[in-house]
Amino acid sequence: MKFTQYLIFAISAATALCASAAKNYQLTSPSGNIAADIECASSITYSVAYDGKEVLSKSPLSMTLSDGTVWGKDPRVAKASRTSVNTTIASPFAPSAQMKDNYNGLTLKMKGDWSLEFRAYDDGVAYRFVSDRKKPFEVVDEQAEFIFPGNYTATVPYVRRGTDEDMTSQFFNSFESSYTTAPLAELNPRRLSFLPLAVNAGENVRAVITETDLRAYPGMYLYNPDGSTSLKSKFAPYPTAVTDGAYNNIQGVVTERADYIAKIDGPRTFPWRVIVLGSDKALAETNLSYLLAEPSRIADTSWIKPGKVAWDWWNAWNIKGVDFEAGINTPTYKYYIDFASANGIEYVILDDGWAVGKGEDLMKINPAIDLAEIIEYGKSKNVDIILWAGFRAFERDMEEVCRHYSQMGVKGFKVDFLDRDDQLMTDFCHKAAETAARYNLVLDIHGAYKPAGINRTWPNVLNVEGVLGLENAKWSDLDAFDIITYDTQLPFIRQVAGPMDYTQGAMTNGARNNFHPLYYQPMSPGTRAHQMGLYMILYSPLNMLCDAPTNYEREQECTDFIAAVPTVWDETIMLDGKMGEYVVIARRNGDNWFIGGVNNWTPRDITIDLAQLNIPADADVVLFTDGKNAHRNGNDYKRQTMKGSDLKNGLKLHMAPGGGFAAAVTR
């Protein structure tokens, strides 16, 4: 071998050896309770330990590009930099007005044009890819795998639509599913689960997997295709053809897809992959989805008004005792406005039906209503109007729709039937938020994926559905959907990802043996106190009163309590509970505490320690609990008043099957 050939061979061999030599990095959370080990060898893997116990084994991650490049294959770290952050951020319209942002970070700048960022908080770990490429490219796939060291129990929301034979069909779904609990190895290998989902890692440690800062990129699904103890990612391919949906033309159904998942136009960050770790309390109180999202793009948020909403659709416009025929007409909406005004409720929603047909053209108003008159009547009563809009119709002429109705005095839109989270749809949500913000309009996004940080980036997005809410009580019996158990799971799983439009507040309540679905005169399963407790349990800056005004007027003392509950908070504390069994949450607004609890179907006696709330002895307390016969008649409740001094030894109470409680502590 000639010397030059030998030299080239030696250099190549040395380069290959260096490339294959593993580099290991450890990242710990500020308190040291969470540690992540990142290994860069022939691939990139990471593992996570909680209090010294491994909860995630070495799990690979990578991103494959359309030119064949694989970020994560034979990576070469050019620079590793660390940072520590301990600050407080303002968080308007969130569970707490101020959030502590305290983490240790690690950035691995790779040779080439990409990086990996990791952050370790005391309640979780997150990572994301970062691209510095200036030229456009496509992402063919992203590998996100979560390998657990044991066959732990998982609690997952399977996609309800589509078939196991054609997994692509599952990408068209409304993100409304109850939870299935099973060992990891026994999960359906052909059924996708959307995020968030939970894994019980034992010894009072749970892992909730979610994502945030989801912008112009498809949402992540997880599944277990091989009966192992791991969860693997899957993403909707990029849509290349979209047609009108079955629900007239307000849905968009993908008929053709590309062989990649995302188009990338230039340098950008990708969504954070988040693992929240800890006790049930840690899950219920985490703010990671908000903290990791892109900060607000709205400089002045003073015009954004959270509040409660008198809603028409759930109760089917079913008011009584009036001298006009109730329905989608001007007199009915004036009645809703009168009710809202009398009870200090900020908004009325005009749901499906205010526009002609199914709302295919939002510029054509149902002749049975005088929208201008309704808006002006609302203004005279200090009540604002929000309009429902199907996705396809809103997308078709977004600018004109927002401009026109903003000028009329409308204050927001409830955009519905998105039913996808591919790149086109996540991009639409941010464009809709930006367009609405320019016209000082708030948004409530329905038939959609979890918020995934949009509520921080665009705080005019006050609410997002992505939950199997109370509307399902109109048509689902308890064998099809155990709403009560679901209510005790939501604070620990779905709520990790941000606000949800669950639409509670039913004033007709059925004990387990009495509940039955009624479409036009709906009721809720469980008790009245359970429904009232949900106003504190669930976080919704735009919060519905789902029942008919006349039903609330019949139950005025319950209505008075609900109407007084704020929708934004200065502080949130989980006081007690266990996922799937019961939960008690306290939320503070100013000097006042509002405390709610909801129970599953097991009757329960509890004593709640309130010491950390520092309730003054002279505070006024109003308490709603299950009545003695709530186990037989869900409408049975007890209202009592007391002083803060009566709570010095805690709050002792009984929760009926499907029961709960609600308390206001005011100064």
Side-chain angles (χ1 to χ4, degrees), residues 159-162 169-176 194 214-219 236 238-257 311 313 349-366 386-406 410 412-437 439 441-452 454-455 458 460-469 471 499-501 503 542:
V159 172
R160 287 196 295 170
R161 296 182 187 171
S169 65
Q170 296 175 38
F171 292 129
F172 183 75
N173 76 95
S174 62
F175 306 91
E176 299 172 88
F194 54 84
L214 179 59
R215 295 175 286 111
Y217 195 81
Y238 186 89
T240 54
V242 180
T243 189
D244 294 339
Y247 195 73
N248 289 325
N249 63 349
I250 62 172
Q251 293 171 303
V253 177
V254 179
T255 56
E256 295 179 12
R257 297 182 183 272
W311 183 37
W313 182 86
I349 275 186
L350 276 62
D351 210 285
D352 185 10
W354 69 269
V356 296
K358 288 295 182 181
E360 299 91 343
D361 186 341
L362 295 174
M363 305 306 290
K364 294 181 180 179
I365 299 173
N366 185 336
I386 294 174
L387 299 177
W388 177 92
F391 153 68
R392 195 82 155 150
F394 191 80
E395 178 196 41
R396 187 178 299 116
D397 201 7
M398 190 189 309
E399 188 78 31
E400 177 61 16
V401 165
C402 289
R403 183 199 62 78
H404 175 74
Y405 287 107
S406 174
V410 169
F413 281 93
K414 173 183 176 181
V415 184
D416 204 351
F417 288 101
L418 279 66
D419 295 323
R420 303 177 357 236
D421 66 346
D422 50 52
Q423 185 182 25
L424 288 183
M425 188 58 75
T426 61
D427 192 39
F428 160 79
C429 286
H430 282 259
K431 287 179 179 177
E434 185 274 333
T435 304
Y439 294 98
L441 296 169
V442 301
L443 290 182
D444 179 9
I445 303 177
H446 263 239
Y449 56 95
K450 73 277 180 193
I454 195 172
N455 55 308
W458 296 104
N460 61 320
V461 179
L462 287 176
N463 223 344
V464 175
E465 192 180 24
V467 64
L468 194 62
E471 66 179 7
M500 69 184 93
D501 198 6
T503 67
L542 194 69

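All figures in this text were calculated on a predicted structure; none of them were measured in a lab.
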Student check: side-chain heavy atoms of Lys414 and Leu542 closer than 4.5 Å: no

Sub-4.5 Å side-chain heavy-atom contact between Thr426 and Tyr449: yes

Side-chain donor or acceptor of Asp361 paired with backbone N/O of Val356 under 3.5 Å: no

Any donor-acceptor pair under 3.5 Å from Arg396 side chain to Leu362 backbone: no

Close side-chain approach of Val401 and Met363, heavy atoms under 4.5 Å: yes

Non-hydrogen side-chain atoms of Arg420 and Val242 separated by less than 4.5 Å: yes

Test item: Glu465 side-chain N/O and Gly447 main-chain N/O as donor-acceptor pair under 3.5 Å: yes

Side-chain heavy atoms of Cys402 within contact of Phe394, under 4.5 Å: yes

Pairing residues for Glu360 by the side chain to side chain contact (heavy atoms under 4.5 Å, CB included) criterion, not counting sequence neighbours: Asn248, Asn249, Lys358

Under 3.5 Å donor-acceptor, Asp416 side chain and Gly390 backbone: no

Main-chain N/O of Trp388 paired with Trp354 side-chain donor or acceptor, under 3.5 Å: yes

Interatomic distance, Gln251 atom CD to Leu418 atom CG [nearest 0.5 angstrom]: 10.0 Å

Asn460 side-chain N/O to Leu441 backbone N/O, donor-acceptor pair under 3.5 Å: yes

Flag, side chain of Asp422 to backbone of Ala236, donor-acceptor distance under 3.5 Å: no

Check: His430 side chain, Trp458 main-chain N or O, donor-acceptor pair, under 3.5 Å: no

Exam field: side chain Gln423 to backbone Ala216, donor-acceptor pair closer than 3.5 Å: yes

Modelled atom types, side-chain donor and acceptor of Asp352 and Trp313, under 3.5 Å: no

Under the side chain to side chain contact (heavy atoms under 4.5 Å, CB included) test, residues paired with Val410 that sit two or more places apart: Ile375, Leu387, Tyr405

Short side-chain to backbone donor-acceptor contact, Thr435 and Glu399, under 3.5 Å: no

Side-chain heavy-atom pair Phe172, Val254 within 4.5 angstrom cut-off: no

Salt bridge flag under 4.0 Å for residues Glu434 and Lys431: no

Side chains of Trp311 and Asp501 in contact at under 4.5 Å (non-hydrogen atoms): no

Residue pair Phe428 / Met398, side-chain heavy-atom distance below 4.5 Å: yes

